[in-house]
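Contents: one structure, followed by commentary.
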There are 2 protein chains.
Amino acid sequence: MISKKTKYTIHALVHLAKHKDSGPIQIKTIAETENIPKKFLEAILIDLRNKGYVASQKGRNGGYYINRDLKEMNFADIIRMFDGPIGMLPCVTYLYYEPCEECEDEETCAVRKIFKDVRDESVKILKAANLAEVIKTEKSLSRKKKK
Amino acid sequence: MISKKTKYTIHALVHLAKHKDSGPIQIKTIAETENIPKKFLEAILIDLRNKGYVASQKGRNGGYYINRDLKEMNFADIIRMFDGPIGMLPCVTYLYYEPCEECEDEETCAVRKIFKDVRDESVKILKAANLAEVIKTEKSLSRKKKK
DNA sequence: ATTTTGCCTATTGATTCGATAGGATAAATT
DNA sequence: AATTTATCCTATCGAATCAATAGGCAAAAT
Ligand code: FES
Ligand code: FES
């Protein structure tokens, strides 16, 4: 399971992406419409800002907004930001790689092979899920339901 | 990442599967050849025994052995045993399902759609990875390397 | 000047993780 | 029968992580 922090992050970013052209959006607004604890969300957004994912406007009528291309922000990177690696074993991660104490030879380790396959498939899907794509999907799901 | 407990469990079961016809295998042997803390492994094996995955023989020359068909033991079930759900969100798990506070309508939630895809692919691969299959894979990887 | 909003530090309680200690019980060997 | 070799069981440990909140400072608009 991903952490609540990451889940909140994803929902906040999708919210910001949806209202990209409505000027800065306040923490309070996001917290209320997405049902996220306000103070927790605050900490997340500050963090996202320091990392350069979002920008902020202080003072009255302030808030947050996305200043990047939506296509550049995908779920794989968002998950890695707070939860670390996506691969389920240290030997199948890229950025967090560590060899396995239990295994003599990584190349012939069948356990590794399985988890490598899982990781590769997962990363593929999560990379494709950028914010622009997610919004598109949401619209298409809504259309489908109305019919 | 899966827990060390689950990682140890997988390696222990693969070890037992490899030596299925050599009689009971002792904790000490597994712990040493697989580099698993002995006492930790002990707790795991007792647990596996109580759940019926393995059987044991007490006293001198005792140890553990698998009494099921290897095809019936797959990675998906093993992971679920100690680490719980494979899906990354409560709304995409089967046995541990919980609705998301953040989302109004599950059917039109694009976030859920992504994570559902990841879960389905992962489970597919992990279900296919039963102990018999893993041993086969290991042999084939070794052959490939020798060439 | 006042209000509104983001920014920052610090702390908290709960839970989980990984690992170990110490002894009871059972079976085979001597 | 005594001894050795295993598993079995209970209990506990420190460290780390998770989720959430408190309280005040800084900046910008009215
Ligand atoms: S090398 Fe990582 S599980 Fe074998
Ligand atoms: S329903 Fe679970 S993320 Fe939307």
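The two residues B:Lys7 and A:Pro90 have their closest heavy-atom pair at NZ-CG, 3.9 Å. For A:Val111 against A:Leu89, the heavy-atom pair with the smallest separation is CG1-CD1, 4.0 Å. Heavy atoms only, all atoms of each residue included: B:Glu107 and A:Leu141 are closest at O-CD1, 3.9 Å. Nearest heavy-atom pair across B:Glu106 and B:Cys91 is OE2-CB, 3.9 Å.
A salt bridge does not link B:Lys124 to A:Glu121: none of the charged nitrogens lies less than 4.0 Å from a carboxylate oxygen.
To the nearest angstrom, C1' of C:dC17 lies 11 Å from CG of B:Asp83. The nearest whole Å value for the distance from the CD1 atom in B:Ile30 to the P atom in D:dA6 is 13 Å. Between B:Lys58 atom NZ and C:dA28 atom P the separation is 12 Å, expressed in whole Å. Between A:Tyr64 atom OH and C:dG6 atom P there is a gap of 6 Å when expressed in whole angstrom units. D:dA6 atom P lies 15 Å from atom CG of B:Leu45, rounded to whole Å. One atom, CD1 of A:Ile36, and another, C1' of D:dT21, lie 16 Å apart when rounded to the nearest Å. In this structure, A:Leu48 atom CG and C:dG6 atom P are separated by 14 Å, rounded to whole Å. Put simply, NZ on B:Lys7 is 16 Å from P on C:dC17, counting in whole angstrom units.
Within the 4.0 Å cut-off from OP1 or OP2 of C:dA28, at least one side-chain nitrogen or oxygen of B:Gln57 is found. Within the 4.0 Å cut-off from OP1 or OP2 of D:dC8, not a single side-chain nitrogen or oxygen of B:Asn50 is found. Residue A:Arg49 places at least one side-chain N or O under 4.0 Å from the OP1 or OP2 atom of C:dC8. The side chain of B:Arg60 contributes no N or O atom lying less than 4.0 Å from OP1 or OP2 of C:dA26. OP1 or OP2 of C:dT29 sits under 4.0 Å from a side-chain N or O of B:Asn61. Remark: B:Ser56 is not in phosphate contact with D:dA6, judged by side-chain N or O atoms under 4.0 Å from OP1 or OP2.
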Which atom pairs, donor and acceptor, lie under 3.5 Å between side-chain atoms of residues 64-72 of chain B and protein residues at least two apart or in another chain?
unit_1, atom_1, unit_2, atom_2, d
B:Asp69, OD1, B:Lys71, N, 3.1

What pairs of nitrogen or oxygen atoms, one from the protein and one from nucleotides 19-23 of chain C, lie under 3.5 Å apart?
unit_1, atom_1, unit_2, atom_2, d
C:dA19, OP2, B:Tyr8, OH, 3.1
C:dG22, O6, B:Lys39, NZ, 2.3

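Once rounded to the nearest 0.5 Å, the distance linking OG of B:Ser122 with CD1 of A:Ile114 reads 12.5 Å.
Among the atoms of the strands shown, only primed sugar atoms or phosphate atoms (P, OP1, OP2) are found under 4.0 Å from some heavy atom of A:Ile27.
Annotation for A:Glu104: atom CD does not count as buried by contact number, only 12 or fewer foreign heavy atoms lying within 6.0 Å.
For the residue pair A:His15/A:Glu34, the side-chain donor-acceptor check at 3.5 Å is satisfied.
Side-chain atoms of B:Asp83 never come within 3.5 Å of backbone atoms of B:Ile2 as a donor-acceptor pair (strictly under, hydrogens ignored).
Each end of the helix from C:dA1-D:dT30 to C:dT30-D:dA1 gets its own axis from five base pairs, and the two axes differ in direction by 0°, given to 10 degrees.
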